[in-house]
Number of protein chains: 2
Amino acid sequence: MGCPGALPGPVHLVYVLSLGRAAGTHGRADGETVMDEGQPPAPPARCADCGIRRLAMFRPFGPQQLAEVQRLRSAIRRAPPGTELMRHSAHDAPLMTIYAGWAFSHTTSDDGARQILDFHLPGDLVGAEHLAVKGTDTLVEALTAVSACVFPRRKVLAEMEHNPALSASIAWLLARDEAMLHERLFSLGRRSAEERLAHLALELAARIRLRRRVDVGGPLPFPPTHRHLADALGLSAEAVSRAATRLRAHGLEQIARGVLIIRDPDRLAALCGWRDEYLVPREML
Amino acid sequence: MGCPGALPGPVHLVYVLSLGRAAGTHGRADGETVMDEGQPPAPPARCADCGIRRLAMFRPFGPQQLAEVQRLRSAIRRAPPGTELMRHSAHDAPLMTIYAGWAFSHTTSDDGARQILDFHLPGDLVGAEHLAVKGTDTLVEALTAVSACVFPRRKVLAEMEHNPALSASIAWLLARDEAMLHERLFSLGRRSAEERLAHLALELAARIRLRRRVDVGGPLPFPPTHRHLADALGLSAEAVSRAATRLRAHGLEQIARGVLIIRDPDRLAALCGWRDEYLVPREML
DNA sequence: CGCTATGTTGAACAGTTTCAAGATGCGTGG
DNA sequence: CCACGCATCTTGAAACTGTTCAACATAGCG
């Protein structure tokens with residue numbers, strides 16, 4: 001999905017993560033919409049040209065499968081921060097793959113409590129969990145300016161019926177999601193505020209690095225505010241602030257102005273019981 | 001998986017959920033192991049005879065696909081309560097479908113804190129999330145006496161490559177899991193002890209009823225202890241006890257001696273913001 | 001330059017944990 | 001059938017972690 005496939009190799013995606021320059025947008029397919037509400041770079045017209053495709057989170061796709069996937073794409077969407085990208089309770093909520101920028105899914109209860117369920121980075125497939133069940137009013141919102149490919153639910157389901165590679169790929173991504181959710185569940189259930197923050201920072205750092213394949217110790221783009229982190233971690237924004245202050249004071253990590261710096265990965269990992277196996281793909285056969 | 005397929009219809013599965021009489025176990029396929037460590041009823045030899053197959057949580061399977069799935073099964077396992085059924089970190093952790101009894105997955109940190117990630121009821125596929133990524137030391141333990149079908153990971157992966165129905169079915173089950181995890185995440189992040197317990201009780205009651213298709217208001221089998229509930233909800237056993245006492249006093253629900261009674265579904269649902277859409281299958285096309 | 005969103009810090013409060021003691025229930029063996 | 005023993009559940013009181021409310025600081029943006 002979202003132009004999956006191909007083998008890993010040297011990729012320059014820094015511009016995608018940091019919202020730098022825009023990519024070319026010529027030669028669209030028939031019937032494709034481009035909703036241009038923001039400034040992030042739009043994905044290329046042909047999936048084969050898509051840098052995202054090479055990222056580690058996709059299973060290899062052959063050229064003909066890639067072409068089939070590209071036919072499923074119904075639109076390209078660009079949107080500024082804060083835009084509601086998707087409402088899963090809607091009858092025909094589509095699937096999306098983030099091409100550039102960050103988004104997040106969340107649920108809000110009647111009394112206004114918000115729980116962020118996941119952050120979405122470039123290359124992530126969003127909404128696959130709602131292929132099967134209608135979720136409970138989950139919203140996807142752009143955290144930064146975002147560009148994404150849109151795939152209609154019905155088309156994807158129809159294609160899955162006779163395209164094992166697509167089904168397997170989606171199953172694969174869902175499995176990875178589930179592993180991440182298990183870790184998050186452990187955080188909310190059994191870790192202290194400080195440990196939760198440390199763990200989330202390490203997870204997002206690992207996910208960013210899987211995409212960039214560079215700069216292991218350096219500053220990483222990190223758009224979420226304390227409020228976002230609090231709503232993801234089941235805390236108040238004040239608790240996040242205090243936890244962040246303590247981690248910074250101990251020289252472990254630093255979050256400021258949209259940038260995350262992991263200063264002492266080993267002590268951080270020891271603090272929160274971090275292990276990275278759950279993000280690393282398993283050999284499939 | 002675990003004999004999926006077929007359309008809903010009148011089914012008598014009370015015995016499976018309550019661990020009553022055993023089913024016949026003749027005519028096994030070649031090379032199939034039967035590990036008999038306990039007393040629960042074993043699944044039938046032929047997937048086509050499997051009552052579980054008819055349950056709502058599976059997508060329809062044709063007869064030939066059913067036969068293919070049956071060929072993947074490597075063993076049948078019966079085990080008493082407390083048995084470690086599976087260790088996901090193991091190199092070749094298999095997949096399992098529960099046929100009778102309850103199980104649960106959990107992770108335990110170095111300092112002994114346990115987080116239960118999910119409960120598994122008859123018909124549930126366990127371990128699919130580890131097809132793609134090696135989880136972080138997740139263990140599956142029998143909560144009651146359990147019988148289950150075992151499928152080797154490699155065989156399933158190989159079959160998925162060219163069997164879209166299987167891939168789609170697994171994607172479907174993973175999607176349902178993810179929706180449940182989202183709800184659980186909301187619980188741990190944003191609900192009080194009382195609300196968490198109410199919500200979990202409603203969810204498990206709904207899942208039991210999806211299998212039994214009977215007895216909507218009556219007593220339901222409910223094996224988890226306060227300790228299990230606490231570890232699933234991110235609470236202490238004492239907090240669960242206090243929450244349960246309050247819910248009972250208000251005439252909302254009652255948990256005692258392995259039996260759950262939902263006394264006032266409407267007020268319970270209002271209390272915790274329960275909605276059932278996330279368990280109900282969406283029309284696929 | 002000033003507005004607004006975000007981050008920081010303090011103090012009172014609340015919900016949950018922890019520790020502890022006792023009650024209840026259930027299976028086992030006499 | 002009853003007595004014992006162990007696991008589970010219940011209840012109380014103190015301690016703790018995080019929440020809430022409030023004031024202020026800082027940064028980014030028009």
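Because only heavy atoms are used, hydrogens play no part in the values below, and waters and symmetry mates are left out as well, while side chains stay in. By convention in this document, chain letters (A, B, ...) are assigned in the order of the sequence lines, proteins followed by strands, and residues within each chain are numbered from 1. Predicted model, so just to flag it, every value in this text is computed and none were measured.
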Going by the salt bridge (charged side-chain N to carboxylate O under 4.0 Å, His left out) test, which pairs reach into residues 235-257 of chain B, not counting sequence neighbours? B:E194-B:R246
The complete set of salt bridge (charged side-chain N to carboxylate O under 4.0 Å, His left out) pairs with one or both residues in residues 98-109 of chain B, sequence neighbours excluded, reads none
Can you pull every protein N or O that's under 3.5 Å from an N or O on nucleotides 5-8 of chain C?
from  : atom 1 : to     : atom 2 : distance (Å)
C:dG7 : OP2    : A:H226 : N      : 2.8
C:dT8 : OP1    : A:R248 : NH2    : 3.0
C:dT8 : OP2    : A:S241 : OG     : 3.1

Which distance, rounded to the nearest 0.5 Å, do you find between the [atom1] of [X] and the [atom2] of [Y]?
X: A:L181; Y: B:E178; atom1: CG; atom2: CD; answer: 5.5 Å
X: B:L271; Y: B:L247; atom1: CG; atom2: CG; answer: 6.5 Å
X: A:L220; Y: A:R207; atom1: CG; atom2: CZ; answer: 13.0 Å
X: B:C272; Y: B:L202; atom1: SG; atom2: CG; answer: 5.0 Å

Rounded to the Å, how far apart are A:R190 CZ and C:dT17 C1'? 10 Å
Atom-pair distance (CZ on B:R114; P on C:dT17), nearest Å: 15 Å
How does protein reach along nucleotides 23-28 of chain C, written 5' to 3' as B (base within reach of a heavy atom under 4.0 Å), S (only sugar-phosphate), or - (no contact)? --SS--
Across all chains, not counting sequence neighbours, the side chain to side chain donor-acceptor pair (under 3.5 Å) partners of B:T225 are B:H228
Quick test of your reading: applying ring pair (Phe, Tyr, Trp, His ring centres under 6.0 Å), list the pairs with at least one residue in residues 177-198 of chain A, sequence neighbours left out, ordered by first then second residue. none
Spell out, as yes or no, whether a donor-acceptor pair under 3.5 Å connects the side chain of B:E129 to the backbone of A:R176. no
Identify, with sequence neighbours excluded, every residue that meets side chain to side chain contact (heavy atoms under 4.5 Å, CB included) alongside [X].
X: B:A113; answer: A:R190, B:S109, B:D111
X: B:E141; answer: B:F104, B:H106
X: A:P223; answer: A:W102, A:L143, A:T144

Boundaries of the chain A footprint along DNA chain D (any atom under 4.0 Å from a heavy atom): D:dG18 to D:dG28
Within the structure shown, what part of the strands sits under 4.0 Å from B:G258 by heavy-atom distance: base, sugar-phosphate, or nothing? nothing
Hits for salt bridge (Lys or Arg N to Asp or Glu O under 4.0 Å) against A:R184, two or more places apart or cross-chain, chain-then-number order -> A:D118, A:E203
Note down the inter-axis angle between the two ends of the helix from C:dC1-D:dG30 to C:dG30-D:dC1, five pairs each, to the nearest 10°. 40°
